[in-house]
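Take a look at this one; I'll ask things after.
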Amino acid sequence: MQTAANAYQAYTGPHPDAVVHGVIKARPEGGTMKALAWFGSKDVRVIDAPIPDVIDDGDVVLKVTGTTICGSDLHLYHGEIMAMQKGDILGHEFMGVVDRIGKNVKHLSVGQRVVTSFQVACGSCAYCKKNLSSFCERTNDSTLQQQMYGQRDAGFFGYSHFTGGFPGGQAEY
């Protein structure tokens with residue numbers, strides 16, 4: 001299932017409406033962090049991954065102080081969620097201290113403690129403006145989800161490329 005889902009997504013490319021993508025930009029000064037990554041059904045490992053940096057002016061990078069798993073993480077562990085890729089960093093429930101912010105972030109400051117939501121939202125699409133951020137139409141570039149369901153939900157942290165491929169919070173940053 002993983003191979004077919006990833007092949008379809010690679011063939012069709014990212015959804016054209018998505019403007020936020022689940023990529024990591026390593027910090028210029030380098031450095032690594034510990035992170036929990038998926039490598040296959042029932043195969044998760046603690047790896048060294050690049051410490052992320054701000055990519056977009058609206059980004060926030062957290063130093064994670066607490067993370068947990070929930071029942072839906074077991075679906076990833078058992079390989080039941082499609083479009084996982086080897087090395088994907090898991091975790092969609094986490095909190096931490098703001099470490100870096102993009103220049104357009106005005107409501108948070110470095111050093112502030114925060115709890116995250118599982119979804120990634122742009123804040124400016126029609127859904128976000130109605131406070132329906134889990135339907136954000138700009139943060140999940142999965143054409144596979146669009147084809148299967150006729151629409152896409154928001155991107156999710158640490159929950160496969162079916163939900164945008166964003167690295168998760170079971171990591172130090």
Side-chain angles (χ1 to χ4, degrees), residues 9-10 13-38 44-69 73 76 83-143 145 152-173:
Q9 184 65 46
H15 194 281
D17 292 342
V19 296
V20 179
H21 303 281
V23 297
I24 293 178
K25 173 185 165 190
R27 293 186 178 185
E29 64 271 22
T32 61
M33 64 176 180
K34 297 292 184 193
L36 185 67
W38 184 91
V44 295
R45 306 173 198 165
V46 175
I47 63 167
D48 289 314
I51 298 174
D53 199 8
V54 169
I55 297 172
D56 183 77
D57 291 340
D59 284 352
V60 175
V61 177
L62 297 184
K63 179 160 181 50
V64 176
T65 59
T67 186
T68 189
I69 62 168
D73 289 315
L76 299 174
M84 291 294 293
Q85 295 178 10
K86 291 182 182 196
D88 281 349
I89 298 174
L90 302 173
H92 59 274
E93 297 184 2
F94 57 102
M95 62 186 159
V97 176
V98 175
D99 183 65
R100 293 189 178 189
I101 58 174
K103 67 181 180 181
N104 290 343
V105 177
K106 306 297 182 205
H107 60 283
L108 295 172
S109 57
V110 173
Q112 187 175 354
R113 295 183 59 79
V114 297
V115 176
T116 65
S117 175
F118 67 91
Q119 82 259 8
V120 180
C122 73
S124 61
C125 72
Y127 287 111
C128 287
K129 287 180 180 179
K130 293 178 185 175
N131 292 321
L132 298 171
S133 57
S134 63
F135 294 108
C136 178
E137 56 195 6
R138 300 178 71 204
T139 58
N140 182 356
D141 63 5
S142 176
T143 49
Q145 190 177 111
R152 295 165 291 121
D153 53 29
F156 294 178
F157 285 113
Y159 210 75
S160 97
H161 294 264
F162 194 65
T163 58
F166 291 91
Q170 290 179 6
E172 293 180 289
Y173 288 86

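These numbers come from the heavy atoms of this one structure, side chains and all, not from hydrogens, waters or symmetry mates.
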Check: Would you call H161 and Q9 a side-chain contact if the rule is heavy atoms closer than 4.5 Å?
Finding: no
Check: Rounded to the nearest 0.5 Å, how far apart are OH of Y173 and OG1 of T32?
Finding: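 Rounded to the nearest 0.5 Å, the OH-OG1 separation comes to 10.5 Å.
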Notebook entry, point to check: So, S134 and Q119: side-chain donor and acceptor under 3.5 Å apart, yes or no?
Noted result: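 No pair is found: no donor N or O on one side chain lies under 3.5 Å from an acceptor on the other.
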Notebook entry, point to check: Any idea which heavy atoms bring E93 and I69 closest together, and the distance?
Noted result: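 Taking E93 first and I69 second, the nearest heavy atoms are OE1-O, 4.5 Å.
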Notebook entry, point to check: How close do A35 and A49 get, heavy atom to heavy atom, and via which atoms?
Noted result: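 Residues A35 and A49, closest heavy atoms: CB-CB, 4.4 Å.
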Margin query: Whether the side chain of R27 engages the backbone of P52 through a donor-acceptor N/O pair (distance < 3.5 Å, no angle test) should be reported.
Written below: yes
Checklist line | Point-to-point distance, once rounded to the nearest 0.5 Å, from CG of L36 to OG1 of T67 | finding: 9.0 Å
Check: Under 6.0 Å between ring centres, would you say that holds for H92 and Y159?
Finding: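 Centroid separation for H92 and Y159: below 6.0 Å.
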Notebook entry, point to check: Is the number of heavy atoms from other residues, nucleotides or ligands within 6.0 Å of NZ (K63) greater than 12?
Noted result: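 More than 12 within 6.0 Å, yes.
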Checklist line | Side chains of V114 and V60 in contact at under 4.5 Å (non-hydrogen atoms) | finding: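 V114 does not reach V60 side chain to side chain.
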Check: Could you walk me through whether V54 and V105 pass the side chain to side chain contact (heavy atoms under 4.5 Å, CB included) check?
Finding: CA-CA 11 Å; V54 169; V105 177; over 6 Å; no
Margin query: I'd like to know if the side chain of R152 reaches the main chain of T143, judged simply by a donor and an acceptor atom lying under 3.5 Å from each other, with no hydrogens or angles considered.
Written below: no
Next item on the list: Could you tell me which non-hydrogen atom of Q145 sits nearest to which non-hydrogen atom of F162, and how far apart they are?
Entry: NE2-O, 2.8 Å
Next item on the list: Mind listing the closest non-hydrogen atom pair of T139 and C122 along with its distance?
Entry: CG2-N, 3.7 Å
Check: Which of these, D56, D57, D53, D59, sits in a salt bridge (Lys or Arg N to Asp or Glu O under 4.0 Å) with R100?
Finding: D53
Item checked: Nearest non-hydrogen partners of C136 and V120, listed with the distance ->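 Smallest interatomic distance, heavy atoms only, reads CB-O, 4.2 Å.
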Margin query: Any heavy-atom pair between the side chains of K34 and D48 that's under 4.5 Å?
Written below: yes
Check: Has K25 got more than 12 heavy atoms of other residues, nucleotides or ligands less than 6.0 Å from its NZ?
Finding: yes
Notebook entry, point to check: Do E172 and V64 touch side chain to side chain, with heavy atoms closer than 4.5 Å?
Noted result: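 No, side chains not in contact.
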Notebook entry, point to check: Which value, rounded to the nearest 0.5 Å, describes the distance between I47 atom CD1 and M33 atom CE?
Noted result: 7.5 Å
Next item on the list: Taking the side chain as every heavy atom from C-beta outward, state whether Q170 and V44 have any atom pair closer than 4.5 Å.
Entry: no
Margin query: Testing the basics here: between S160 and M84, what is the closest heavy-atom pair and its distance to 0.1 Å?
Written below: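 In this case the closest contact between S160 and M84 is CB-SD, 3.3 Å.
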Next item on the list: Could you tell me which residues satisfy ring pair (Phe, Tyr, Trp, His ring centres under 6.0 Å) with F157, sequence neighbours excluded, listed by chain and number?
Entry: F94
Item checked: Side chain to side chain, D99 and L62, heavy atoms closer than 4.5 Å -> no
Check: Under 4.0 Å between a Lys/Arg side-chain N and an Asp/Glu carboxylate O for D17 and R138?
Finding: no
